[in-house]
Amino acid sequence: MRISDLLDIIENQGKGVRSYIECARICQERINEKPEDAASYYLLKIAANRFVDAYDDQPLLSNLADSEFLNFKNYVDQLHAAEQESDPAMKLSTLNRVAAEIANHKLLRSAV
């Protein structure tokens with residue numbers, strides 16, 4: 001499984017909370033199985049769990065689910081590119097940038 005396969009899981013399961021729970025579970029497994037990419041999987045696990053924490057107890061509007069999916073996709077795309085990078089400084093730069101994006105991303109509550 002590639003890091004980009006996480007996007008297929010979310011899309012195939014309707015971009016809902018359960019799909020992010022599944023992604024967080026897979027990320028935890030990959031942290032143990034693929035330690036050279038552990039930081040990437042850890043960041044995605046944090047992003048997935050933040051989504052779950054924000055939306056598990058309320059209705060999730062489809063436009064909000066789509067918007068949050070695009071944010072998650074942005075993280076995955078950046079980390080996937082970093083996986084292919086041979087320069088350790090570039091990998092670290094990408095990890096730091098994605099970590100900051102995840103930390104600063106405000107998850108909006110549904111107004112339902």
Side-chain angles (χ1 to χ4, degrees):
M1 168 181 252
R2 297 177 322 219
I3 202 165
S4 58
D5 292 337
L6 295 171
L7 299 175
D8 294 333
I9 291 167
I10 294 172
E11 284 187 306
N12 292 338
Q13 293 184 15
K15 300 178 185 169
V17 171
R18 300 296 164 240
S19 62
Y20 285 88
I21 290 172
E22 178 68 9
C23 279
R25 184 192 65 73
I26 290 169
C27 286
Q28 181 60 49
E29 287 178 0
R30 299 300 289 169
I31 288 168
N32 297 325
E33 295 169 0
K34 201 169 178 194
E36 65 276 10
D37 294 321
S40 294
Y41 283 105
Y42 183 72
L43 290 174
L44 292 174
K45 177 183 167 188
I46 289 170
N49 282 331
R50 288 188 72 212
F51 180 93
V52 171
D53 290 344
Y55 301 114
D56 193 29
D57 64 344
Q58 66 174 321
L60 178 61
L61 301 174
S62 62
N63 63 336
L64 191 53
D66 289 339
S67 175
E68 290 303 327
F69 174 75
L70 292 177
N71 284 321
F72 193 81
K73 182 182 183 315
N74 179 45
Y75 308 146
V76 169
D77 290 345
Q78 290 181 71
L79 294 170
H80 177 72
E83 271 185 337
Q84 313 307 313
E85 182 63 53
S86 60
D87 180 10
M90 291 300 292
K91 283 185 177 186
L92 183 58
S93 176
T94 300
L95 289 169
N96 285 334
R97 183 178 56 252
V98 171
E101 289 175 13
I102 291 170
N104 292 320
H105 179 65
K106 304 293 184 232
L107 293 154
L108 303 175
R109 304 284 292 188
S110 294
V112 179

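Only a predicted model underlies this, so the values are computations on that prediction, with no experimental measurement involved.
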Worksheet entry | Minimum heavy-atom distance Leu107-Arg50, with the two atoms named | CD1-O, 3.4 Å

Worksheet item: Between Gln78 and Thr94, what is the shortest heavy-atom contact and its length?
Response: O-CG2, 3.4 Å

Practice prompt. May I ask you to decide if Arg2's main-chain N or O and Asp5's side chain share a donor-acceptor pair within less than 3.5 Å?
Written response: yes

Worksheet item: So which heavy atom on Tyr75 is nearest to which on His105, and how close?
Response: OH-CB, 3.5 Å

Worksheet item: Does the salt bridge (charged side-chain N to carboxylate O under 4.0 Å, His left out) test come out yes or no for Glu29 and Arg25, once each step is laid out?
Response: CA-CA 6 Å; Glu29 287 178 0; Arg25 184 192 65 73; 2.4 Å; yes

Practice prompt. Any chance you could measure Asn12, atom CG, to Leu7, atom CG, to the nearest 0.5 Å?
Written response: 10.5 Å

Discussion item. For Tyr20 together with Tyr55, are the ring centres under 6.0 Å from each other?
Written reply: no

Item to complete: In sequence, state the C-alpha distance, the side-chain angles, and the governing distance for Leu79 and Leu95, and then conclude on side chain to side chain contact (heavy atoms under 4.5 Å, CB included).
Response: CA-CA 7 Å; Leu79 294 170; Leu95 289 169; 3.7 Å; yes

Item to complete: Specify the closest pair of heavy atoms between Lys15 and Phe51, including all atoms of both residues, with the distance to one decimal.
Response: O-CZ, 3.9 Å

Response to the item:
residues 36-47 vs side-chain hydrogen bond (donor to acceptor under 3.5 Å, both in side chains), sequence neighbours excluded, gives Gln28-Lys45, Lys34-Asp37

Worksheet item: Roughly how far, to the nearest 0.5 Å, is the CG atom of Leu60 from the CG atom of Asp57?
Response: 11.0 Å

Worksheet item: Val52, Leu61: one ILVMFWY side-chain cluster at the under-4.5 Å cut-off?
Response: yes

Practice prompt. Begin with the C-alpha distance, continue with both residues' side-chain angles, and end with the deciding distance and a verdict on side chain to side chain contact (heavy atoms under 4.5 Å, CB included) for Asp56 and Arg18.
Written response: CA-CA 9 Å; Asp56 193 29; Arg18 300 296 164 240; 3.4 Å; yes

Worksheet entry | Least distance between heavy atoms, Ala99 atom then Leu43 atom | CB-CD2, 3.7 Å

Item to complete: Applying side chain to side chain contact (heavy atoms under 4.5 Å, CB included), run through Cys23 and Leu44 and close with a yes or a no.
Response: CA-CA 8 Å; Cys23 279; Leu44 292 174; over 6 Å; no

Sequence neighbours excluded and cut-off under 3.5 Å, please list the side-chain donor-acceptor pairs for residues 80-91, or say none.
from: Glu85; atom 1: OE2; to: Asp87; atom 2: N; distance (Å): 3.3
from: Asp87; atom 1: OD1; to: Ala89; atom 2: N; distance (Å): 3.1
from: Lys91; atom 1: NZ; to: Glu85; atom 2: O; distance (Å): 3.4

Worksheet entry | Spacing of Asp77 atom CG and Ile3 atom CD1 [to the nearest 0.5 Å] | 10.0 Å

